[in-house]
Amino acid sequence: MDLRLSTAEPTEAERRAVDAAFAAHRSPDDVPGADVRFPDSGHAARGRRHILLPALHAVMDAVGHLTPGALNHLARVLSVPPADVYGVATFYAMFSVTPRAPHVVHVCDDVACAPAGAEAVIAGLTEDLGEEGEGKEACWVRSPCLGLCERAPAAMLQLAGRPDVSVAPAAIGSLRAELDRIATEEPTRVPAADAAFADATVSVPQAGQPQLTLLRRVGVVDPESIDDYRAHGGYEALRRAVALGPERVIREVSDASLTGRGGAAFPTGVKWDGVARAPSRPHYLVCNADESEPGTFKDRVLMEYDPFGLIEAMTIAGYATGCERGYLYVRGEYPLATRRLEHAIATARAHGYLGDDVAGDGFTFDIELRRGAGAYICGEETALLNSIEGHRGEPRNKPPFPSTSGLFGKPTVINNVETLYNVLPVLAVGGEEFAKVGGGRSTGTKLFCVSGAVGTPGVYEVDFGTTLRELLELAGGVRGELRAVLLGGAAGGFVLPDGLELPLTLEGSREIGATLGSGVVLALDTQADLTGTLRRIAAFFRDESCGQCVPCRVGTVRQEEALARLTRGAPKGPELTLLDDLARVMQDASICGLGQTAPAAVLSALKLGLL
Amino acid sequence: MFGAGGGTSAYVEAEDADLLVLWGSNARETHPIFFHHVLQGLKKGARMWSVDPRRTSTAQWADGWLGLDVGTDVALANAIGREIIHAGLVNEVFVERSTTGFEDYRATVEPYTLARAQEITGVDAGLIRDLAHAYARADRAQICWTLGITEHHNAADNVFALINLALLTGHVGRYGSGLVPLRGQNNVQGGGDMGAIPAKLPGGYDLGDETARARYERAWGVPISPKPGMHLSEIFEAMDTGTLRALYCIGENPAESEANAAHARHLLEGLDHLVVQDIFRTATAELADVVLPAAADWCEYEGTVTNSERRVQRVRKAIDPPGSARPDTHIICGVAERMGHAWGEPTAEQVWDELRSLSQNWHAGMSYARLDALGGIQWPCPTEDHPGTPTLHTRLWAEEPEDRGRPAPFMPVEHAAPLDVLSEEFPIRLTTVRILDAYNSGVQSGGYSSPMRRRESLRMDAEDGARLGIADGERVRVVSRRGAVEAPVAFDPSLRPGLASFTPHFSEEVDINVLTNDAWDPKSGTSEFKATAIRIERIGSEKI
Amino acid sequence: MTTVLLGSISRLVTVTVDGRELRVPEGATILDVLREQGVETPTLCWAPNLTPINACRVCMVEVEGSRVLVPSCARKVDDGMVVRTDTEKVRHSRRMVLELLASSVDMDQASEDVQRWMVEYGVEPGRYGPPAPPEDDRAGHRVGHHHAPDGSTAANVAQPVKVDNDLYVRDYARCILCYKCVKACGTDAQFTFAISAAGRGFDAHIATEYDGELPDSACVYCGNCIGVCPTGALKSVREHELREAGDWRPEKETVTTTICSFCGVGCNLELHVQQGSIVNVTSPSDHSVTHGHLCIKGRFGFQHVQNLPEA
């Protein structure tokens, strides 16, 4: 197209980063033109936009921020208008369009980390590096939940010129040591900081127990070895799937009554069947691994400790629904999971488990990993699709639903990580057998992310129908005196101590007006700062609203302001009326689930008299 | 086309086309709102090709760009035709039923092999082949063109060469397929339709059409000579030979807009009597014996104009004309009255209704009331219950021979290089280009302040500049066989080595028509604005 | 001579609107049906010549079977659909959307319809507190971060007017982020893509690359963004100056449709004339030549008929 670029030129490093990202992602029949003075024209060039996010990451990884020269080069190579590149770049919290220190410490100050000492970490970093965002070589910024709640407090180091790393628990001492190492040591492919995650039992206290289904390989297999994966039953489900054929696979999934574990609990079999039958081609599979709900870390744990399991499950889903390409969209703040998955994909491809002739069974399937870049909203399925396509991560209007018009306008299956892992046991035991655990729409086992005031935080796998009390006991019981449990995350609600007999099922939680959501169980004792927690949740939604629709964009701001007035002691009556008015318009009129659930926790707290 | 001087398709058809060829047209800048329709087509998946010596902003949207040498369009079109024939992609049913002269055409294009075309045009043979196949295979394809086709000494031949391609493939007379000449000015189409073509009567009738002429003679009460009048280029030749001594010039600025302008001005100055009727005191008005100040009819009076899709639309009065300015028709009636003809002062609608009573095929059904109600009507519109004709020549697809009517003739044409030949003395090809925010000689567009406006420069290729030792921004002398001007240089990547360009918009800065060639096309009377041979000279070390 | 139209004549489907059963063409939106029925439905981000944007959420209606409200501008009718427009839920959402906008954006120059809706729906923007003072650099906010409010003032988008060229101004204190300008600059008309939404959440705003000035951007001054702006955030310099000088007289404005005097496309122009002088140019959105969109010459090139020598 007739782009108008500024005269800013990229540095050599920026040019190399963009060109490499383009080379890695361009379609083989899209050959770049010879005349470097012009952006390429025509449909093929205009189809390069989906490379935008990887290319922005490439520049950030190389130089730590996005200069006008880099942006120009990106626009020229990918045929994307510079204003659009800017619009996309400024959508994500991990990108910076202004100069910034090459090493950035993202410190989680969210619901699980704040009570675990996040502010002390921040105080130490302020002493070392200066105020938030300042510092020449390194700086620190506050971050929403980093998904490391079982190891709170947490930090993630975003590092130009070397791999990002997570540090958790992030005592100021361990952070100082890590920053020292970065300043003095050469980067390695596997960063030394990863070693802190070697012990899986910190994340999964049940690790190795025989009754586990979804977590059975966590802490048992070597996550970097496909042979070890196969030695522990890996790729048996795929073999079984190919023996059954696509239609039978979908029938097993339907018979299992498997529902989506991402929060909406839609029947997976129905979704798969819809895409499998859609006449338009190609079909796409998307795995939503953008786990960002505050207090949630189960998908991260699965991907870190059993990455091949997800690759196998995606392959089965692709086979069943007629997809030749799957996109695995991983949260940008999950560096270790990303490394493990990248390794698993490359290894699976090298062993013939991905590619033109999967496992010698004659079907084609491959996976492209895409990194998010700091936007909770991209966990919303249509926002995620826009993000992959190189647009701002703004949710789409539905209908049409992704199963008819999804990625690049084609029929698309979008499944959450935990949902896909469930496909493996469905095929192992058969759909009917799978459905015997739990009941109704809540069949099989469920992962919960237990954190806060409990003895042993971590991911726990229990049968659907286990009570909340049993789950808390499994996690070592409540430390101190329980005030409330935040169930379902920021988009969920509170359960009081008298409600612990709640059976953990879709039906049970709905009955009390709550939701299992993403499986968050955050225990708050009487010492906890409940008001602070609520204000953090309100601030979270304000920060993470994409800004597209009025109810959410302005409603989240007004909600936070009203909450601020309440905590300052303003008269309750008018503020409660206002919060209720806001909650209704957000729930009724927002485009997507973010806005619709943004008032949930606040409303729940008000209703239960917690404020 | 085929007896009707108008484009065949409605603009909106571009939105549903599968393939659009913009040939000698930078519609992105010169017809921006037509290009909106093209862009909607691209959004739906249409492919677009650009044939243009420059890599224009239009070309930057194209799936393929054929950067041909200036003035080699016939060779390129003939090679495309030959390739379509040899590849077996001719629409044989259409050619058989609805055209004549195919065998002659085949024989004419036979020597235009891809290799020969590559040699003449400078376009890669593979690209020519790709365009030929894409055009012939598309379900719905349009060729759109502008001045890049018509401002040549062989303008009509260029147009014929494109029409031949449409006949060969049947890409005419069907929704989405067609031939779309985009008119340079807002009422070029209407002016021609109203008889401002030497061999035509209003309503598109040939002057030689006895029945039609008799009807006009009856209505006007005067005999009409069956001999065509002069077109603009012939008028200037007649001034040159001294047979034309007086000129009444309405809404035209030839002192600036004519090729070889110095010569044109000299001729205008030599007239016994020059009357200029215009809304501006133009350079031509400066030379006039009498200046008649006119109203800007598009906003200060009433009337109709006709656009490039043959849509007749109403213009209306929004503001008062300044001072003593009067509408054109009032001035003309006033002149008539002084000459002893009491035409009165008819309203615009009365004038139009007279035209409707005479233009029975095209305009008869277009009352002001209907034009108002329907937002304009596309001719032909013979009766007041006729909806107008968005797509022309659909008859060519009729099943019954009598419904098909006269078949459309192939018009074989040969390549003829520009008359202003390149030589050692004049090695660089200068072409004229138009830009988005300016218009023609600039008398209208100079009236507002465009934030995009840059000073007029000789646009040229940076390699040429390096070879000639010229720096970007340096002021140079540009010399053609007819004259010389000075201008700053701006390097422009849309131009290839050997090609340079000026706009015609800023004659007060650079009087470019001092350079251009007034050789004209005998079939259309258009001058060869697009192909001037120049050399570029440094002016010492002076820089700006 | 026949016109060949692509596609077939629409089938009719049955929908029920506020208890009335109607037969309407398949493919129509709920809003199409409501307008046809004369049911007034407020809209802000909708325009007849743009694809539905679905961002403002003021046109929401209830559709049976849907837990949440449905945007009437974007949702196509289904056979058997039951629509309700005058329920408490609908009225509440419309009121709140208008109220949230009015509490954060200067709506003074929005259309008379918008002013009337705000009264009819009982909008009370004052209940969120006094407005926070204007800010010079809203674009500089870090994504995903904000200063914790104390609730004493209501956050808003007040900021200085951007005047950086001779043709139009950008007064983003009036911007409701309806995205219409972005669509008109982009894939609904102009395909120039000089502007995009940038930033996120309440800090989201319309911007050129790096929030630069228009003359440094890809802008080609077609003014199609002005043509679709519902709140006066984008307007011609001429209108801006007249308003500033107190000489803006919309009540005395005449609008005359004519044809552009420049190229051969023949675009319909609506000349807006105040006190004998053209002040703005628009194009009718339902005309097949322009779909309501113009180029720089059509929208701003009229000045030559008004540059008169001093009398």
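Just so we're on the same page: letters track the sequence lines, and every chain starts at 1.
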Chain C contact via [X] - which portion, at a heavy-atom distance below 4.5 Å:
| X | result |
| --- | --- |
| A:V557 | side chain |
| A:Q596 | side chain |
| A:Y92 | backbone |
| A:S96 | neither |
| A:L582 | both |
| A:L566 | neither |
| A:P574 | neither |
| A:R535 | side chain |
| A:T67 | backbone |
| A:A570 | neither |
| A:R553 | both |

query = Relative to chain A, which segment of C:L100 carries a heavy atom at a distance below 4.5 Å: side chain, backbone, both, or neither?
reply =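 Both parts, heavy atoms under 4.5 Å.
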query = Between C:P71 and chain A, which part of the residue has a heavy atom less than 4.5 Å away: side chain, backbone, both or neither?
reply =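 The side chain, not the backbone.
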ask   = With respect to C:N156, which candidate in C:P131, C:S103, C:P134 satisfies the side-chain contact (heavy atoms from CB on, under 4.5 Å) definition?
value =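 Testing each of C:P131, C:S103, C:P134 against C:N156, the sole residue satisfying side-chain contact (heavy atoms from CB on, under 4.5 Å) is C:P131.
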Hey, which of [options] has the most heavy atom pairs under 4.5 Å with chain C?
| options | result |
| --- | --- |
| A:E575, A:Q587, A:E561 | A:E561 |
| A:L71, A:T567, A:D581, A:V550 | A:D581 |
| A:V97, A:V141, A:L563, A:L578 | A:L578 |
| A:A562, A:G555, A:P399 | A:P399 |
| A:G547, A:A539, A:A83 | A:A83 |
| A:I591, A:I377, A:D2 | A:I591 |

Tell me yes or no: between the side chains of [X] and [Y], is some donor less than 3.5 Å from an acceptor?
| X | Y | result |
| --- | --- | --- |
| C:H146 | A:D543 | yes |
| A:Q548 | C:R200 | no |
| C:S66 | C:E64 | no |
| A:T577 | A:D580 | no |
| A:H106 | A:Q158 | yes |
| C:S111 | C:D113 | no |
| C:H141 | C:D203 | yes |

Quick check for you: among [options], which has the greatest number of heavy-atom pairs under 4.5 Å with chain A?
| options | result |
| --- | --- |
| C:M60, C:R142, C:R95 | C:R142 |
| C:L177, C:I206, C:L101 | C:L177 |
| C:G212, C:A154, C:C219, C:C56 | C:A154 |
| C:S104, C:S93, C:A197, C:A204 | C:A197 |
| C:Y128, C:F202, C:Y179, C:Y210 | C:Y210 |
| C:R57, C:E99, C:M96 | C:R57 |

Minimal non-hydrogen separation, A:R142 against A:E132, with atom names =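 Scanning both residues completely, I find the closest heavy atoms to be N-OE2, 2.8 Å.
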ask   = Looking only at heavy atoms, which two atoms of C:A74 and A:N397 are closest? And how far apart?
value =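 Heavy atoms only, the tightest pair is CB-ND2, 3.1 Å.
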query = Under the ring pair (Phe, Tyr, Trp, His ring centres under 6.0 Å) test, which residues partner C:Y168, sequence neighbours left out?
reply =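 With neighbours one apart ignored, the set is C:Y221, C:F300.
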Main chain of [Y], side chain of [X]: is a donor-acceptor contact present, judged purely on distance under 3.5 Å?
| X | Y | answer |
| --- | --- | --- |
| A:T533 | A:D529 | yes |
| A:N386 | A:A383 | no |
| C:S196 | A:D84 | no |

key: C:K89 atom NZ: more than 12 heavy-atom contacts under 6.0 Å   =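 Enclosed.
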